[in-house]
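Working notes, beginning with the structure itself.
Just so you know, these numbers use all the heavy atoms, side chains as well, and skip hydrogens, waters and symmetry mates. Throughout, residue positions are numbered sequentially from 1 according to the sequence presented.
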Amino acid sequence: MKPQRDKLDFDLLVVGGGINGAGIARDAAGRGLSVVLCEKDDLASHTSSASTKLIHGGLRYLEYYEFGLVRKALIEREVLLRSAPHIMWPLRFVMPHDQGLRPAWLIRAGLFLYDSLARRVLLRGSRGVSLRRHVAGEALDDRFKRGFIYSDGWVDDARLVVLNAIAAAEKGATVFTHTTCEALTRQDGQWNATLHRESGGSFNVRARCVVNATGPWAAHFLQGPARHQGGRTLRLIKGSHIVVKRLFDHSYAYIFQHPDGRIVFAIPYERDFTLIGTTDLDYHGDIDKVAIEASEIDYLCKLTSHYFKQAISPADVVWSYSGVRPLVEEEQNAGGKASALTRDYRFELDHDGANGGAPMLSVFGGKITTFRKLAEEAVDLLAPLLGNTHGHWTADACLPGGDLFGPAPTNRSVQKFDQYVLQLQREFAWLAPSVVARYARHYGSRTRALLQTGAAGEEILPGLYAAEVDYLLTHEWAQSAEDILWRRTKLGLHLPAGSAAKLDAWITARLRGHRELAQAVAIQ
């Protein structure tokens, strides 16, 4: 997608194209502020695409007495589900009870609290279950006889970021990907920023305010381009996940409370797979080169084999990913267990009147479930400084593609999503039902825009057609096979070796053809 503004003066410069940066850009643009967002790589190319992909309150945070955070996240679950029912949906979790861990009565009490902290409409409450009679017990080791079931939600995390960026652009924001903020200086009540394109060349923009939403790079950004001392103390925690062939044949997910205190999930993933994670390890390496370690793979395999009848080994891992979460380390918890660090967010507003007065807001921490609330509170802080009095709006707005049955978020969109898929499959009966179902999940109501020519075009790779790739290149800032196969979709899991190279070659030829056509038109 091309930048939508030629003007280089903005109210707000947002640095960072993860979920927090995209969410803030969307909220601010929707309040009438002029916004520019820059991201040094692709949207969601780091932490925001490396989550466990859950919209959840955080059941385990109850034991750390983070009731405010849990309640805030529980409220947000249903707000988000209604806003984007195509990329989010309810998910039931099975927690087998293992001898020697928390007593059953304590788990029941915790789940009752989890159910009661916020009003539920779309998500069912918790209950006990006999694993010898329930379908979810069939895959588990026979020693697990009882357990508990509760509700949370699933999200396609990378698409969530992209949809927020699209919404921001449609509200007037300019979005630059593969563009680094190299330098910032305050002058005459505003910021002068030098932005450098990965393809070469730099340009300047001016903004009345800057948001540092660079996630794990927040401290580096302050000390580097912003030349600012101070900031919150962050602990960088690496979380890694593995993907294996499907371990069970039902729609439930599992949550395992391991004796070492860690929580690990096993989740149905991309129809044919099981997603397992996560680890929590302090990270001191290069943030741009985060990768899973052999010891993490071994740990996740052994833990999973402890619970399931079917044992797995590192040889069974078909894909893995890792991300670094920037968690706020409060002074009283310094040096403690990574799992005990708060997942809540903090803001630091630097409003240096002695040096021009242009404010900078730095965002520290946070979790994907509370991104919308974080964005709302961030813009609440900045709007008065920018003379903006527009009220809140995102709680009552669909994300792009989420307006399945009308412009407003509705419970119906969540509860009757399968009916919507059938409707699209009838409308596009000339295309394979499985492809239409995938389009519905990725693009929701915008499937019609993707197929507006009435044809899917050339089949570049199995199940990937030219119309979809053109749509992603034109409307979603995709530039490469990696962007498309691993972030905009997860087709990379389903395709044979060499697919990425073939798609990159197709994209290069397509873009070259577009440039040549544009030059020919210009000459005429």
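- A parallel orientation is assigned to the rings of Phe248 and His250, their planes being inclined by less than 30° (bins at 30° and 60°).
- A salt bridge does not link Asp156 with Arg441: every distance from a Lys NZ or Arg NE/NH1/NH2 to an Asp or Glu carboxylate oxygen is 4.0 Å or more.
- For His86 and Tyr439, the ring centers are positioned 6.0 Å apart or more.
- For Arg119, the CZ atom is loosely surrounded, since the number of other residues' heavy atoms within 6.0 Å does not exceed 12.
- At least one cation-pi condition fails for Arg60 and Phe265: the charged atom is not both under 6.0 angstrom from the six-membered ring centre and inside a 45 degree cone around its axis.
- Ring orientation note: the planes of Tyr471 and Tyr443 are nearly perpendicular, at an angle over 60° on the 30°/60° scale.
- Between Phe256 and Tyr307, the two ring planes are parallel [angle under 30°; tilted spans 30° to 60°].
- A salt bridge links Arg372 with Glu376; the closest basic N to acidic carboxylate O contact falls under 4.0 Å.
- A cation-pi arrangement is not found for Arg488 relative to Trp477, the charged atom failing to lie both closer than 6.0 Å to the ring centre and inside a 45° cone about the ring normal.
- Relative ring orientation between Trp319 and Tyr269 is described as parallel, the plane-to-plane angle staying below 30° on a 0-90° scale split at 30° and 60°.
- Under the 4.0 Å criterion applied to side-chain N and carboxylate O atoms, Arg438 and Glu270 are not assigned as salt-bridge partners.
- Between the side chains of Thr274 and Arg246, no donor-acceptor pair is found at a separation under 3.5 Å.
- A salt bridge between Asp280 and Arg235 is absent, with no side-chain N of the basic residue lying under 4.0 Å from a carboxylate O of the acidic one.
- Atom CZ of Arg71 has 12 or fewer heavy atoms from other residues, nucleotides or ligands within 6.0 Å.
- Around CZ of Phe112, the count of heavy atoms belonging to other residues, nucleotides or ligands within 6.0 Å does not exceed 12.
- With salt bridges taken as basic N to acidic carboxylate O contacts below 4.0 Å, one links Arg82 and Glu78.
- Comment: Lys309 engages Asp142 in a salt bridge, judged by a side-chain N to carboxylate O separation of less than 4.0 angstrom.
- Residues Arg487 and Asp41 are not paired through a salt bridge, judged by the lack of any N-O separation under 4.0 Å between the basic side chain and the carboxylate.
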So Ile276 and Ile312, side chain to side chain contact (heavy atoms under 4.5 Å, CB included) or not? Walk me through it.
CA-CA 11 Å; Ile276 300 166; Ile312 61 171; 3.8 Å; yes

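- Interatomic distance, CG of Leu54 versus CG of Leu91, reported as 7.0 Å (0.5 Å rounding).
- Cation-pi contact between Lys490 and Tyr321: absent, since separation from the ring centre below 6.0 Å together with deviation from the ring axis within 45° is not met.
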